[in-house]
There are 2 protein chains.
Amino acid sequence: MKGRPIVIPTSYQEVFRQLEAAILRGELAIGEPIPTEAALCDMFKVKRSSVREGIRLLEQSGLVTRNAARRLVVTAPDTRRSSENFIRSVTLNQVTLEELWRVEIELETLACRLACQNMSAESLDRLSENIQQTRDNRDDAKAIIRIDMDFHRLITQAAGNKALTIARDPLGILLYASTDFVITRLAQSTERLIAAHQRIFDALAAGDEETAVTWMKKHLNDFKRGCIMAGADFNQPIADFVDHDTLAALIRNPPGQGLQ
Amino acid sequence: MKGRPIVIPTSYQEVFRQLEAAILRGELAIGEPIPTEAALCDMFKVKRSSVREGIRLLEQSGLVTRNAARRLVVTAPDTRRSSENFIRSVTLNQVTLEELWRVEIELETLACRLACQNMSAESLDRLSENIQQTRDNRDDAKAIIRIDMDFHRLITQAAGNKALTIARDPLGILLYASTDFVITRLAQSTERLIAAHQRIFDALAAGDEETAVTWMKKHLNDFKRGCIMAGADFNQPIADFVDHDTLAALIRNPPGQGLQ
DNA sequence: TTTGTCACTTTGTCTGACAATCACACATAC
DNA sequence: GTATGTGTGATTGTCAGACAAAGTGACAAA
């Protein structure tokens with residue numbers, strides 16, 4: 001016989017499971033508050049402690065967020081939430097910068113292609129404004145990091161593929177958080193960065209896929225070369241490059257807006 | 001003036017934050033149990049209810065899992081955890097099958113290339129065995145879905161890029177969960193699937209990147225064509241194709257092993 | 001129209017208790 | 001001596017009830 005392990009769920013896990021299912025089925029609509037704790041006690045016939053523990057699971061899953069009045073309202077998890085998760089996985093699974101970078105190239109390449117096909121005037125404006133910001137802040141390394149992150153995110157958004165946005169966002173945050181290290185040591189990299197961004201922008205504006213992709217790849221190669229010249233070992237785990245507090249701050253307060 | 005929103009964290013959130021930081025810093029090593037609830041009460045000077053709610057956040061974040069004795073032990077979040085999250089995002093953000101499929105192509109292409117470069121004898125064996133399983137179960141649509149999922153996951157693992165594994169896994173689960181729909185209506189698609197898998201395998205074994213990629217793309221195009229012939233609208237949201245319970249089952253019990 | 005006040009609701013935290021389960025050690029039986 | 005009961009302590013899951021803090025909404029007062 002085979003015999004699978006026996007798992008008996010606890011009350012609070014059941015509370016979570018049922019609320020999650022209701023949300024994913026659309027019974028609890030996005031934007032609406034979930035029932036009060038007292039009401040949930042009544043619905044599930046368990047005490048408030050169990051309800052509260054179940055709600056905490058729901059809270060961490062990103063399906064609900066607090067409104068002003070501390071009530072929990074149903075929310076579509078934004079990219080920020082996936083990012084937290086991805087970053088935890090990457091950190092604890094000893095993923096190297098090289099591995100992350102390799103995947104990022106692929107996703108940014110796709111983003112470029114799709115953005116060329118779907119570029120809107122509004123997206124172009126935002127990108128243009130971003131490049132201007134980069135020029136204006138060329139001497140402020142910290143600012144550059146955030147603006148650069150935003151540049152890549154804007155391209156991804158311009159691509160108009162929500163799956164791509166959800167998948168790439170966490171990579172972007174992690175990868176560009178490591179840029180800190182490079183930019184602060186390689187002052188001239190900012191000028192290369194600005195030049196590349198400009199080239200990519202021009203190609204996107206012209207709808208020239210190949211040129212956009214080519215320059216994006218150059219740009220990402222520059223990033224890698226910069227890191228290595230600054231003494232970084234690309235085969236080291238990500239965790240060695242960025243400290244947890246920096247990442248936490250980036251996640252809580254990412255550049256631009258989430259997917260919402 | 002600008003005025004950022006004021007957020008005062010609760011006790012249980014602080015409990016979570018501090019435990020999370022300790023884990024990511026490596027103070028609480030993977031595999032070790034976290035302190036008992038009583039000990040945490042003592043450390044943080046809060047009552048058990050607050051500790052427990054904090055622990056529930058930690059639990060859902062995937063940083064701890066239960067051992068046999070119900071103690072929570074520190075764990076590196078496996079791909080399963082990211083998958084849950086990604087799937088929730090995708091479902092509630094109305095991502096379409098087309099969007100998901102487009103990203104999947106890119107990641108599978110990368111997987112093929114890397115797998116060609118890093119293919120090990122062991123990975124080849126596993127792939128070979130997988131194809132045999134497919135042949136053996138050609139008449140069992142349900143089984144085919146799982147085995148096919150596993151085929152693609154094996155290639156991703158053979159690529160030897162952990163970031164790729166973490167990023168692609170949830171896409172794979174979602175995409176192939178939708179296959180249910182196709183396979184059950186298009187019996188002959190199984191034969192095409194087997195043929196494609198064989199071609200990809202041969203190319204991977206020969207280290208022939210271009211052929212592997214070409215056939216992988218053909219294979220994924222077949223998938224799309226199959227869906228459309230079966231009456232699926234690729235521009236519909238994923239949520240319309242797969243029900244929540246199927247996904248939940250797939251996540252809880254994925255084919256093969258996770259990243260661990 | 002704005003501001004202060006009050007009753008009401010809901011959440012956050014505490015207090016204290018008990019049952020269920022597990023690990024571990026020890027005693028007993030074959 | 002290995003295997004099977006049994007007891008004890010530790011730990012978690014759940015209950016019960018209480019109160020403080022912070023929000024809402026209505027209404028009176030300036």
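The sequence lines fix the lettering, A, B, ..., with proteins before strands; numbering per chain opens at 1. Since the structure is predicted, the reported quantities are computational estimates derived from the model, not experimental observations.
When the C1' atom of C:dG12 is taken as reference, atom CZ of B:Arg56 falls 17 Å away, rounded to whole Å. Nucleotide D:dT11 holds its C1' atom 15 Å from the CG atom of B:Asp42, rounded to whole Å. Rounded to an integer number of Å, the gap from B:Leu72 CG to D:dA10 P is 20 Å. Protein atom CD of A:Glu14 is 14 Å distant from nucleotide atom C1' of D:dG13, rounded to whole Å. Taking atom CZ of A:Phe16 as the reference point, atom P of D:dG13 lies 16 Å away to the nearest angstrom. Going from atom CG of A:Asn67 over to atom C1' of D:dG23 covers 10 Å, rounded to whole Å. Atom CD1 in B:Ile34 sits about 19 Å away from atom P in D:dA10, given to the nearest Å. Rounded to an integer number of Å, the gap from B:Glu37 CD to C:dC18 C1' is 15 Å.
With distances taken from any side-chain atom of A:Val46 to the nucleotides D:dT14, C:dG12, D:dC15, the minimum falls on D:dC15.
Side-chain atoms of A:Thr75 come within 3.5 Å of backbone atoms of A:Val73 as a donor-acceptor pair (strictly under, hydrogens ignored).
The phosphate of D:dT14 has neither OP1 nor OP2 within less than 4.0 Å of any side-chain N or O from A:Tyr12. The phosphate of D:dG13 has neither OP1 nor OP2 within less than 4.0 Å of any side-chain N or O from A:Ser50. When the side-chain nitrogen and oxygen atoms of A:Arg71 are compared with OP1 and OP2 of D:dG23, none of them lie within a distance under 4.0 Å. Side-chain N/O atoms of A:Arg52 include one lying less than 4.0 angstrom from OP1 or OP2 on C:dG12.
The nearest heavy atom of DNA chain D to A:Ala69 and to B:Arg66 marks one nucleotide each, and the one closer to the 5' end goes with B:Arg66. Along DNA chain C, the nucleotide nearest to A:Ile8 and the one nearest to B:Ser11 differ in position, and the one closer to the 5' end is contacted by B:Ser11. Where A:Gln13 and A:Arg70 meet DNA chain D, the nucleotide closest to each residue was compared, and A:Gln13 sits on the side nearer the 5' end.
Looking at A:Arg48, A:Arg71, A:Arg70 one by one, the single match for salt bridge (charged side-chain N to carboxylate O under 4.0 Å, His left out) with A:Glu37 turns out to be A:Arg48.
At a threshold of 4.0 angstrom between heavy atoms, the contacts of A:Thr10 are confined to the sugar-phosphate backbone, with no base atom among them. In this structure, B:Arg48 reaches the bases: a heavy-atom distance under 4.0 Å links it to at least one base atom across the strands shown. Counting any heavy atom pair closer than 4.0 Å across all strands shown, B:Ser49 reaches a base atom.
A salt bridge does not link B:Glu99 with B:Arg102: none of the charged nitrogens is closer than 4.0 Å to a carboxylate oxygen.
The local environment of CD in A:Glu27 is crowded, with over 12 non-hydrogen atoms from other residues, nucleotides or ligands closer than 6.0 Å.
A:Phe241 places a side-chain heavy atom less than 4.5 Å from the side chain of A:Leu97.
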